[in-house]
Protein chains: 2
Amino acid sequence: MAYGSKELAAIGDPTRQAMLERLRRRPMTVGELAEGLPVTRPAVSQHLKILRQARLVTERREGTRHYFNLNPEALLELRGYIDRMWEDALGAFSRYVAQQKRKRKRLGK
Amino acid sequence: MAYGSKELAAIGDPTRQAMLERLRRRPMTVGELAEGLPVTRPAVSQHLKILRQARLVTERREGTRHYFNLNPEALLELRGYIDRMWEDALGAFSRYVAQQKRKRKRLGK
DNA sequence: TAGAACCGTAAGCCATAACTAACTGTAAGT
DNA sequence: ACTTACAGTTAGTTATGGCTTACGGTTCTA
């Protein structure tokens, strides 16, 4: 796998998407996240584990509280991956356009 | 949902990821894609439907052949979404750092 | 030390998405 | 009209991942 399929798979889940959206605003604890979501706290915990392993979030502890925040580094990498895919898509598109032009020339059209 | 959760969910599946990777190189037919993957052609067809509905690929027909290629537009949008998320992450990070500095000041440390 | 608050983990359940095989639709050639 | 090649669709199967409940660990305070 080029870029981690783990990262993309992590982002793919609706509950995890909602969590990432929440974390855009500010770091949050497990409990805080769970409050705004239609799932239990342990479910949130499990999702956070996946996000952490995909490096999309980082964790820091203050006493009993575990704060999670978005990881800018990982997002930058993800953006880079999409960027390269976009470039490839453009490249393939212009190759196709050039090919069509050659086709039209050949058909005298 | 801010950016389409449909798009992110579409990218999340390993088989679809592999397909997108293949399509970076050049447009391909259903059959061609299926040849390089450990799943049947109907499975590929079904996945392509999801990718098409998420606008991540576009389709063009030449006779009996259906060619699929990456959609640069959609990739640009996706990149934009990740970008904004990255910016938010940076913002949240610097707010946190500033907060820590205030904390340290207060503690005379 | 006990109790409260916070949270990770394990294990069971089950809805669903990814898979397959079979069928059907479309395009093109004879 | 028939055949071949390509691909979409349907329906059944099943593995799995997301959910829940229950339990136990950690931290802090009185």
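Excluded from the calculations below are hydrogen atoms, water molecules and symmetry mates; all remaining heavy atoms, backbone and side chain alike, are included. The chains referred to below are lettered A, B, ... by the order of the sequence lines, with proteins before strands, and numbering in each begins at 1.
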Tell me the interatomic distance from [X], atom [atom1], to [N], atom [atom2], rounded to whole angstroms.
X: Tyr67(B); N: dC6(D); atom1: OH; atom2: C1'; value: 11 Å
X: Glu32(A); N: dC7(C); atom1: CD; atom2: C1'; value: 13 Å
X: His66(A); N: dC7(C); atom1: NE2; atom2: P; value: 6 Å

Among [options], which nucleotide has an atom closest to any side-chain atom of [X]?
X: Thr29(A); options: dT20(C), dC7(C), dA22(D); answer: dC7(C)
X: Arg65(A); options: dC6(C), dA22(C), dG18(D); answer: dC6(C)
X: Ile50(A); options: dG18(D), dT20(C), dT21(D); answer: dG18(D)
X: Thr40(A); options: dT21(D), dG18(D), dC6(D); answer: dT21(D)
X: Thr64(B); options: dT20(D), dA28(C), dT9(D); answer: dA28(C)

- When all nucleic acid strands are considered with a 4.0 Å heavy-atom cut-off, which category describes Phe68(A): base, sugar-phosphate, or nothing? sugar-phosphate
- Arg41(B) near the nucleic acid: base, sugar-phosphate alone, or nothing, with a heavy-atom cut-off under 4.0 Å? base
- Where each residue is assigned the nucleotide of DNA chain C containing its nearest heavy atom, which of Gln46(A) and Arg52(A) is assigned the position nearer the 5′ end? Arg52(A)
- Query: Within a strict 4.5 Å, meaning less than it, do heavy atoms of the Asn69(A) and Thr58(A) side chains meet?
  - Reply: yes
- Query: Is any side-chain heavy atom of Gln53(A) less than 4.5 Å from a side-chain heavy atom of Lys49(A)?
  - Reply: yes
- Query: Can a salt bridge be assigned to the pair Arg79(B) and Glu77(B) using a cut-off of 4.0 Å between side-chain N and carboxylate O?
  - Reply: no
- Query: With a 4.0 Å cut-off, would you call Arg26(A) and Glu32(A) a salt bridge?
  - Reply: yes
- Would you mind telling me which residue lines up with the more 5' stretch of DNA chain D, Glu62(A) or Ala43(A), judged by nearest nucleotide? Ala43(A)
- Where each residue is assigned the nucleotide of DNA chain D containing its nearest heavy atom, which of Pro42(A) and Arg61(A) is assigned the position nearer the 5′ end? Pro42(A)
